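Input: a single structure, listed below in structure tokens.
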Amino acid sequence: MGLKSAIEWTESTWNPITGCTKISQGCKFCYAERMAERLQAMGQANYRNGFRLTLQPQMLELPLKWKRPQRVFVNSMSDLFHEGVLLDYIQRVFDIMRRADWHRFQVLTKRADRLADLDSFLEWPHNVWMGVSVESLDHVARIDHLRRTRARVKFLSLEPLLGPLPGLNLQGIDWVIVGGESGPGARPIEESWILDIRDQCRDAQVAFFFKQWGGQNKKKTGRLLEGRTWDEMPTAFA
Ligand code: SF4
């Protein structure tokens, strides 16, 4: 069994690194930061540094012990391609993902330029899904960086969606997740932005997943779009 996650598009989380630094508007109300501070206050050993970038090598082998195949979100509390994480350590994380080939690993970064720079130093196992976060038009270049990598499954997390994203280039992209921001101070999302992205996915035959409306109370706002849920997943290597 893994460390069960409440995130709708995954099953478990694995954090061989914790902590991060903010790099764009999407980071403003970073969930990982809030959670790290809470866990630090509770005295959890892995969070003794709070949200400061910290390698957790004692966590590296954890997925090898999880017998049941599952989708594993890698570094829900950090960013694997953070400039403070040396290539050697990233390669160790990739080696574990290769060895734990009964799982599907979902890696998500905002450091797409570093991801592209390191691509040729990484061996991409078939079970690694690589994604980039894009919250607004200012950051669509991250998608081009992702496209340049040799990851077999490529996805976008458009969350927290802060504006419309017309005219996305979805070539080579297998999966798109959309979500509104949640929690105190959450910035609003508009239905027209979501519907436009859904239609772009439909036209490009890309799997579309609507995670949440978000807002102050995300349980109340839910995740129905036009009266239904949208839980598509990439079919290749799924
Ligand atoms: S990149 Fe992700 S984990 Fe890092 S500060 Fe931004 S939202 Fe938080």
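All heavy atoms count here, side chains included; hydrogens, waters and symmetry mates do not. Bear in mind the structure is a predicted one, so any value in this text is a computation, not a measurement. When a ligand or atom number is given, it counts from 1 through the structure's own listing order. For this chain, numbers begin at 1 and follow the sequence in order.
Residue Thr21 approaches ligand 1 through these ligand atoms, each under 4.0 Å from one of its heavy atoms: 4 (Fe), 5 (S).
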Just list the side-chain donor-acceptor pairs under 3.5 Å for residues 85-94, sequence neighbours left out, or say none.
{"unit_1": "Tyr89", "atom_1": "OH", "unit_2": "Pro16", "atom_2": "O", "d": "2.7"}
{"unit_1": "Tyr89", "atom_1": "OH", "unit_2": "Gln56", "atom_2": "N", "d": "3.4"}
{"unit_1": "Gln91", "atom_1": "NE2", "unit_2": "Phe121", "atom_2": "O", "d": "2.9"}

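Contacts with ligand 1 closer than 4.0 Å are made by side-chain heavy atoms of Arg111 only, the backbone lying farther away.
Geometrically, Arg228 engages Trp230 in a cation-pi contact defined by less than 6.0 Å to the ring centre and at most 45° from the axis.
Excluding waters, the count of protein N/O/S atoms less than 2.8 Å from atom 8 (Fe) of ligand 1 comes to 1.
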As a quick check of understanding, evaluate side chain to side chain donor-acceptor pair (under 3.5 Å) for Ser76 and Asn15, giving each step before the final call. CA-CA 7 Å; Ser76 60; Asn15 283 290; 3.1 Å; yes
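Partner of Phe155 under the ring pair (Phe, Tyr, Trp, His ring centres under 6.0 Å) criterion, out of Phe209, Phe73, Trp175: Trp175 alone.
Grouped by direct or indirect side-chain proximity (heavy atoms under 4.5 Å, Ile/Leu/Val/Met/Phe/Trp/Tyr only), Phe29 sits alone. In the hydrophobic clustering, Tyr31 connects to Met35, Leu39, Met42, Tyr47, Met77, either directly or through intervening members, whenever side-chain heavy atoms lie under 4.5 Å apart.
The aromatic rings of Phe208 and Phe210 sit parallel, their planes meeting at an angle under 30°, below the 60° perpendicular limit.
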